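See structure below.
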Amino acid sequence: MTNMKTVKLMLAASAALIISAGAVSLAHAQDLPPLAKKDHYKVGFAQSESNNPWRIAETKSFQDTAPKCGWDLVATDAASSAAKQVADVDSMIAQGVDAIFLPPREEKPLLPAVLRAKKAGIPVFLVDRSVDANVAKAGRDYVTFLGSDFIDQGHRAADWLIKATGGKAKIIELEGTTGSSPANDRKKGFDDAVAKESGMTILASQSGDFARDKGRQVMETLLQAHPDVTAVYAHNDEMAIGAIQALEAAGRKPGKDVIIASIDGTRDAMQAIIDGKLGVTVESSPFFGPLSCETMKRYAAGEKIEPWVKVSDRIFTIDNAAASIAGAY
Ligand code: AHR
């Protein structure tokens with residue numbers, strides 16, 4: 001009996017040990033990888049694509065920042081493929097970079113790569129786009145998200161459009177890349193705001209993949225199905241320019257009989273505002289290099305980084321487009 005008691009006690013003790021060891025390793029698993037304070041770092045930047053001015057400006061911002069921040073930059077281009085972007089991150093892990101900056105093309109497919117980088121002891125900073133917040137968390141799975149408030153951008157585009165149309169519009173919405181955080185959030189921000197206005201109707205909403213030509217093609221098709229359209233909301237400037245082309249080809253007058261709202265602040269969009277074809281573009285800055293450098297330095301210094309390093313955005317209309325175009329990309 002005594003022996004039995006001893007065995008039971010020993011079992012209980014070892015179970016407690018296993019549980020506490022598990023707790024320790026779990027707690028450890030939740031720690032972010034540290035980053036040593038150094039003068040030089042090998043830094044990965046895994047771009048999603050380079051098919052529009054915004055992406056090109058973002059990559060250039062990282063390239064321009066690299067020598068100033070002591071980065072030996074490993075930059076890749078996933079050419080609009082989430083699978084290639086995953087492979088690019090995996091290759092950076094294999095190369096043993098010190099840190100990775102990642103704009104995940106879509107919210108879900110990049111998650112495993114983010115977790116693999118963490119497991120390999122490489123801190124990941126999400127820039128411009130985010131991953132599924134229900135699965136991965138800043139401060140646990142990656143250091144932080146540096147970027148704009150996309151919901152607010154959609155909301156501001158809606159507010160402008162409601163005002164410009166007197167609260168009466170039949171809208172075609174051109175969505176960004178399906179499954180990407182800006183497409184999801186810009187849609188939510190806009191749709192929620194116009195839903196409160198009885199005179200604002202969304203006739204159709206379809207993805208143009210954030211690309212000019214795709215935006216033009218989708219607009220051409222939707223225009224045939226909805227010739228009564230009076231407004232367009234495009235999730236980015238490239239698709240807005242594509243929509244302008246489609247409207248003009250169909251003999252419509254963008255800016256007059258069809259009012260257009262968009263997001264980004266590219267040079268072509270500013271020019272379209274000056275030309276009276278685009279009504280508004282809510283800024284979404286691509287210039288993440290300097291902010292990334294500063295945030296990485298803070299992290300290396302041991303500072304606790306906030307989960308969202310928020311970028312604040314301006315709004316461009318006929319009131320300020322001419323004065324702002326010189327700084328556009
Ligand atoms: O993630 C930001 C969006 O991605 C920009 O609005 C768009 O132009 C880019 O492709």
Side-chain angles (χ1 to χ4, degrees), residues 45-62 76-82 84-85 101-110 125-133 145-158 173-190 207-216 218 232-244 260-273 278 280-289 291-292 308-316 328-329:
F45 173 61
Q47 181 56 283
S48 57
E49 56 233 314
S50 302
N51 63 349
N52 76 40
W54 197 99
R55 296 274 139 213
I56 292 166
E58 186 185 45
T59 302
K60 187 174 180 312
S61 179
F62 273 89
T76 53
D77 176 359
S80 305
S81 158
K84 161 94 165 64
Q85 198 176 28
F101 287 90
L102 173 68
R105 185 170 201 274
E106 291 145 52
E107 285 194 304
K108 286 187 176 31
L110 268 298
F125 298 77
L126 298 184
V127 273
D128 133 49
R129 293 188 188 181
S130 197
V131 289
D132 189 341
F145 165 61
L146 297 92
S148 295
D149 185 336
F150 294 136
I151 294 181
D152 187 57
Q153 289 175 345
H155 204 122
R156 291 167 80 191
E173 179 170 354
L174 297 175
E175 299 171 22
T177 299
T178 306
S180 70
S181 60
N184 291 342
D185 292 352
R186 286 173 185 171
K187 180 166 182 60
K188 182 173 174 28
F190 182 87
S207 175
D209 203 16
F210 281 131
R212 184 181 294 206
D213 209 45
K214 189 79 192 292
R216 182 186 56 74
V218 172
V232 171
Y233 165 50
H235 288 192
N236 81 341
D237 287 343
E238 282 297 281
M239 294 189 297
I241 303 289
I244 289 172
I260 307 176
S262 169
I263 296 173
D264 268 356
T266 64
R267 180 177 297 273
D268 285 357
M270 300 283 198
Q271 191 57 54
I273 292 176
L278 179 65
V280 68
T281 181
V282 179
E283 184 183 35
S284 193
S285 173
F287 302 117
F288 281 101
L291 185 63
S292 299
W308 184 358
V309 180
K310 224 184 216 179
V311 173
S312 61
D313 299 309
R314 296 168 287 174
I315 187 160
F316 301 112
Y329 48 93

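For ligands, and for the atoms within them, numbers begin at 1 and follow the listed sequence. Remember, it's a predicted structure, so these values are computed and weren't measured experimentally.
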Aromatic plane relationship, Tyr329 with Phe287 - under 30° parallel, 30 to 60° tilted, over 60° perpendicular: perpendicular
Close N/O pairs between ligand 1 and protein, under 3.5 Å:
residue, atom, partner, partner atom, Å
ligand 1, 1 (O), Arg55, NH2, 3.0
ligand 1, 1 (O), Asp128, OD1, 2.5
ligand 1, 1 (O), Arg129, NE, 2.9
ligand 1, 4 (O), Arg55, NH2, 2.8
ligand 1, 4 (O), Arg129, NH2, 2.8
ligand 1, 6 (O), Arg186, NH1, 2.8
ligand 1, 6 (O), Arg186, NH2, 3.2
ligand 1, 6 (O), Asp264, OD1, 2.6
ligand 1, 6 (O), Asp264, OD2, 3.3
ligand 1, 8 (O), Asn236, ND2, 3.0
ligand 1, 8 (O), Asp264, OD2, 2.6
ligand 1, 10 (O), Asn52, ND2, 3.1
ligand 1, 10 (O), Arg55, NE, 3.4
ligand 1, 10 (O), Arg129, NH2, 3.4

Side-chain donor-acceptor pair present, Ser284, Arg186, cut-off under 3.5 Å: yes
Pair Asp264, Thr281: side-chain N/O donor-acceptor within cut-off below 3.5 Å: no
side-chain contact (heavy atoms from CB on, under 4.5 Å) against Asp268, all qualifying residues, sequence neighbours excluded: Arg212, Ile241, Thr266
Nearest heavy-atom neighbours spanning Met239 and Asp209: SD-N, 4.0 Å
Contact summary for Phe210 and Asn52, nearest pair of heavy atoms: O-ND2, 3.6 Å
